[in-house]
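Contents: one structure, followed by commentary.
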Amino acid sequence: MIRVTRKYQFSASHRLHAPGLSASENAELYGKCNNPHGHGHNYQIEVSARGPVDQRSGRALDPRALDRLVKEQVLDPFDQRNLNASSTIFEELVPTTENLAREIYRRLGVNWQSVFPSAWPVLEKVRIAETPRNIFEVS
Amino acid sequence: MLVTKRIEFSASHVCRNPMLSDRENEELFGAAANPHGHGHNYVIDVTVEGDPDPVTGMVLDLKKLKEVVNREVVQTYDHRFLNYEVPPFDHVVPTVENIAIDIWHRLEPHISQVGGQLQGIRVYETDDLYVDYFGEAA
């Protein structure tokens with residue numbers, strides 16, 4: 001088995017504000033991230049998949065196929081967007097990078113078979129760096 | 001405990017399966033099938049697992065690990081056209097996956113003399129594409 005990892009990046013803005021909390025509770029909980037006008041990050045994401053090496057191609061994964069899936073499911077919907085407004089899921093969920101990582105993993109998982117119809121490779125994990133110092137991983 | 005040593009080499013390759021036609025190879029590998037080849041600065045992370053020696057405080061001597069990696073991998077791979085000059089890539093497609101597996105096999109028999117045991121090989125073909133191989137058992 002081989003694990004293949006591909007890196008991507010996108011830039012987006014967000015505002016951390018939990019609708020169930022008061023204005024002062026939100027300000028206390030999220031600090032500067034609660035600024036009503038939002039703020040942005042250059043998100044670096046790593047998508048890892050696992051599988052055996054195919055004898056014909058010598059590959060465990062075709063990076064072009066993964067690129068298509070990530071473009072369609074992640075980069076097109078999120079790059080240069082405001083996350084709070086980019087997806088109905090963030091109308092209910094606070095677009096923390098925890099929730100963003102989980103949403104990206106979910107989107108890739110649900111649509112995985114459209115580009116990888118065989119048993120292998122399988123999606124293993126998604127790792128997101130919100131900044132070089134804040135990193136989140138979901139598998 | 002895991003200890004990782006990073007080394008680099010530069011090499012050229014063409015992603016082409018000799019059993020397939022030109023058209024099939026182009027479909028499979030795209031621009032990477034260009035018969036004249038192309039190159040990468042490969043970055044290799046060699047990770048060894050072990051317990052620190054109570055006297056030296058080290059899992060292994062990193063100098064010795066570097067010597068082994070240079071002797072077994074860098075001298076063979078660096079500034080070579082992998083398909084023509086580095087077996088098994090005369091008949092195995094030198095994808096980054098197969099390079100990681102080959103490096104594992106070249107290093108694995110020598111690691112116990114250095115200390116610890118080989119845990120994983122990571123090969124970066126570019127900044128945005130890398131693979132990990134943890135041996136047949138994993």
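Just so it is clear: chains get the letters A, B, ... in the order the sequence lines come, proteins before strands, and each one is counted from 1.
Of the listed residues B:Leu20, B:Val96, B:Val92, the one with more heavy-atom pairs under 4.5 angstrom with chain A than any other is B:Leu20. No other option in B:Phe134, B:Tyr130, B:Tyr133 has as many heavy-atom pairs under 4.5 Å with chain A as B:Tyr130. Comparing B:Asp127, B:Asp132, B:Thr126, B:Asn25 by how many heavy-atom pairs each has under 4.5 Å with chain A, the most go to B:Asp132.
Residue contact with chain B, scored on non-hydrogen atoms closer than 4.5 Å, involves the side chain of A:Val53 exclusively. Contacts between B:Glu125 and chain A at a heavy-atom distance below 4.5 Å are absent for every atom of the residue. For A:Arg50, no part lies near chain B; criterion is any non-hydrogen pair under 4.5 Å.
Put simply, CG on A:Asp54 and CG on B:Leu28 are 7.5 Å apart, with the number rounded to the nearest 0.5 Å. Interatomic distance, CD of A:Gln55 versus CG of B:Asn98, reported as 8.0 Å (0.5 Å rounding). With rounding to the nearest 0.5 angstrom, the CZ atom of A:Arg56 is 11.5 Å from the CE atom of B:Met19.
Under the 3.5 Å distance criterion, the side-chain polar atoms of B:Glu97 are matched with a main-chain donor or acceptor of A:Ala60. Between the side chain of A:Thr5 and the backbone N or O of B:Val131, no donor-acceptor pair lies under 3.5 Å.
Here the closest heavy-atom approach between residue B:Arg122 and residue A:Arg3 is recorded as NH2-NH1, 4.3 Å. Scanning all heavy atoms of the two residues, the minimum distance from B:Ala100 to A:Ile2 falls at CB-CD1, 4.5 Å.
Under a hydrophobic clustering in which Ile, Leu, Val, Met, Phe, Trp and Tyr are joined whenever their side-chain heavy atoms come within less than 4.5 Å, directly or via other members, A:Val138 and A:Leu93 fall into the same cluster. A continuous path of hydrophobic side-chain contacts links B:Val74 to B:Val114 [ILVMFWY only; heavy atoms under 4.5 Å]. Note on A:Val70 and A:Ile104: same hydrophobic cluster, where clusters join Ile, Leu, Val, Met, Phe, Trp and Tyr whose side-chain heavy atoms are under 4.5 Å apart, directly or indirectly. Following chains of ILVMFWY side-chain contacts shorter than 4.5 Å, one can reach A:Ile45 starting from A:Leu123, so the two form part of one hydrophobic cluster. Under the 4.5 Å side-chain contact rule for hydrophobic residues, B:Leu62 and B:Leu107 share a cluster.
Salt bridge absent: A:Lys7 and B:Asp128 never bring a charged side-chain N and a carboxylate O closer than 4.0 Å.
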### Steps toward side-chain contact (heavy atoms from CB on, under 4.5 Å) verdict (B:Leu129, A:Val4)
CA-CA 7 Å; B:Leu129 180 66; A:Val4 181; 3.8 Å; yes
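Counting non-hydrogen atoms of other residues, nucleotides and ligands closer than 6.0 Å to CZ of A:Arg102 gives a total of 12 or fewer. More than 12 heavy atoms of other shown residues, nucleotides or ligands fall within 6.0 angstrom of atom CD in A:Glu25.
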